[in-house]
Amino acid sequence: MILVLLGPPGVGKGTQASRISVHYDIPSVSTGAMFRDAVARGTELGRTIQRYRIDKGEYVPDEVVVTAVKDRIAEQDCKVGFLLDGFPRTTPQAEALNRLLSEQSRRLNGVLNFAAPINEIVQRFSGRRVCPNDGSTYHIEHQPPLQSGLCDLCKTPLITRPDDDAEVVKRRLEVYAEKTAPLVAYYEKAGLLRTIDATKEPETVFGQVIAVLEGWQWHI
Ligand code: AMP
């Protein structure tokens, strides 16, 4: 199964990606997490990424992102399938994904579009916390960690992502509307899109996801 998770920043894609990944035992490939990890580890990709203002919500150029995804999905664990969280984010990236998959005689099975009103997304950002060690995400009200301020999995103190700052969030939503929102129509036209109401609690949203994916099994 090869899936794309689409939706504005802060809508809950990361949380759903982790759940889908566990449920179907397929890797979740998050370009944002890959970039943050590469910067933290100071790899060659990390040094390239540092030339762009990802901490200010600006996109990394398509060629850089596509090369990183190409390398990642060629790895052994992606042979069974994978889901993409945060990629593609532009029409050229979507076209590059089609090319990468057809080179491997594979194809995209479906796109889940997570939708929520902008004001709700802005409000969610203010409570979002992440684990700098394993990337798991929490929300101080909607999805609090078991122990306040600590990651459930590794007990690392949680942080606010620098790009969750209110001004940067505004910019990220603008960039999304301009560059990524057109992908909704792109994938709808391709007959691959299903929209999920992401305003509900994570458990309820996951219920919708499973219902859609089970309904899709025949063409996966
Ligand atoms: P995310 O964790 O998905 O919100 O990604 C964090 C940041 O990484 C984004 O705001 C972008 O600056 C950059 N980024 C992640 N994925 C992409 C992509 N597919 N295309 C361009 N930039 C990206």
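Every number for a ligand or one of its atoms is a count from 1 in the order of the listing.
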At a non-hydrogen distance cut-off of under 4.0 Å, which region of [X] contacts ligand 1 (side chain, backbone, both, or neither)?
X    : result
R161 : side chain
V65  : side chain
F35  : side chain

Is there a nitrogen or oxygen of [X] sitting under 3.5 Å from a nitrogen or oxygen of ligand 1?
X   : value
Q93 : yes
G57 : no
F87 : no

Exercise. Salt bridge between E167 and R171, side-chain N to carboxylate O under 4.0 Å?
Worked result: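 Result for this pair is no, no salt bridge flagged.
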Heavy-atom nearest neighbour in the protein, as seen from [atom], with distance rounded to 0.1 Å:
atom                    : answer
atom 16 (N) of ligand 1 : T31 OG1, 2.8 Å
atom 5 (O) of ligand 1  : G32 CA, 3.4 Å
atom 11 (C) of ligand 1 : E58 O, 3.7 Å

For this session: Return yes if a side-chain donor-acceptor contact under 3.5 Å exists between N113 and T195, otherwise no.
Result: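 Yes - a donor-acceptor pair under 3.5 Å links their side chains.
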For this session: Compute whether any side-chain donor of one residue and acceptor of the other, for K155 and Q147, lie under 3.5 angstrom apart.
Result: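 The criterion, which ignores hydrogens and geometry beyond distance, is satisfied for Q147 and K155.
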Exercise. Looking at ligand 1, does R53 have a heavy atom less than 4.0 Å from it?
Worked result: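 Distance cut 4.0 Å: R53 fails for ligand 1.
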Problem set entry | Per atom 13 (C) of ligand 1, closest listed option by heavy atom (V69, I54, I49) | I54
Seminar exercise, completed: Min over R89, M34, R171 of heavy-atom distance to atom 18 (C) of ligand 1 lands on R89
For this session: Decide whether a cation-pi geometry holds between R129 and Y138; the criteria are a distance under 6.0 Å from NZ or CZ to the six-membered ring centre and an angle within 45° of the ring axis.
Result: no
